[in-house]
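First up is the structure itself, then whatever we jot down about it.
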Amino acid sequence: MIVRLFCPKCALEASKEIKGSLDIEVPVPVSQLADDGRYEVRCGIGHECTVILDNIKFELLFEMGLNAMFDGYPREAVSSFTSSLERFYEFYWRVAMHHAGVPTAELDQAWKPMSKMSERQLGAFITASMVLAGSKPRLLNPNKQVPFRNSVIHNGYVPTKAEAIEFGNTVMELIFEGLDQLRELDSSSLMETYQIMSPRDYEEGENSEDSDELVGCVNILTAIDVRNPPKGDDQRVGDVGAQIKRIGYERQPMKMQLLTEQEMHRHHPDRVRVQDDE
Ligand SMILES: [Zn+2]
């Protein structure tokens with residue numbers, strides 16, 4: 001999966017010329033997805049900057065699955081959908097624990113012995129749902145989707161496109177159900193947990209006053225999107241089949257849109273933040 005980034009220096013210069021929101025032509029470097037969300041960008045005119053991708057793992061993993069579907073790799077798609085669901089379990093657990101008042105450092109310690117064991121994580125998720133919502137969450141079907149996933153992940157089974165789409169749709173439904181629940185029960189714990197898990201530093205900010213380095217921040221809108229869930233006539237509305245079409249559309253060349261901090265709260269594709277507190 002390719003992410004479209006931008007050069008913060010070029011973008012800052014462009015934003016000085018015209019105040020407010022604007023469509024601009026800035027060189028848009030692209031990169032392969034990086035695990036830590038940090039990208040060293042070198043633009044066409046030689047600026048070297050850092051850009052942070054302000055998205056969390058399960059959003060990106062699901063998007064990687066969609067990209068794999070678009071590219072004709074259903075096996076890789078099932079693998080990414082599976083990882084997305086597992087990282088969602090962790091997210092849900094962290095929101096529930098945040099809701100219960102457990103400090104983040106304690107959470108990190110508690111997660112460690114579960115971090116390599118997906119069955120323990122599933123147990124944590126089910127327990128968190130019992131505590132938070134008072135009911136057992138919907139899970140993958142143990143007679144159908146679980147053996148399917150295991151045969152793909154562990155036995156090298158190559159699924160058909162239709163099987164991968166069906167599996168992806170189920171994962172998407174499960175995550176949507178969980179996110180809707182979290183939004184309803186404790187949206188502030190949801191948002192705070194998101195900020196803690198994002199590579200963006202929400203506490204310090206990326207651009208400190210005594211640093212010459214300009215750090216940019218970009219958020220990509222995803223099919224599974226914690227903060228900006230698709231609704232209305234958004235291109236991201238729809239099942240996996242519809243999302244695959246969207247991926248094709250998004251791979252066409254596009255302009256970037258520069259937004260102020262206030263405008264960030266509205267819905268826009270390819271949102272880029274260039275100025276901090278100015
Ligand atoms: Zn530049």
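Position 1 is the first residue of the sequence; numbering continues from there. Read the numbers this way: they start at 1 and go in the same order the structure lists the ligands and their atoms.
- Ring planes of Phe88 and Phe91: tilted class, angle from 30 to 60°.
- Atom ND1 is the N, O or S atom of His47 at the shortest distance from the Zn ion (ligand 1).
- Here the options are Arg236, Arg183, Lys231, the test is salt bridge (charged side-chain N to carboxylate O under 4.0 Å, His left out), and the partner is Asp225; only Arg236 passes.
- Vertex the Zn ion (ligand 1); arms to Cys7 atom SG and Cys10 atom SG; angle 110° (nearest 10°).
- Residue contact annotation: Cys49 places no N/O/S atom under 2.8 Å from the Zn ion (ligand 1).
- Rounding to the nearest 0.5 Å places CZ of Phe176 at 10.0 Å from CG of Asn169.
- With values rounded to the nearest 0.5 angstrom, Met191 atom CE is found 12.5 Å from His98 atom NE2.
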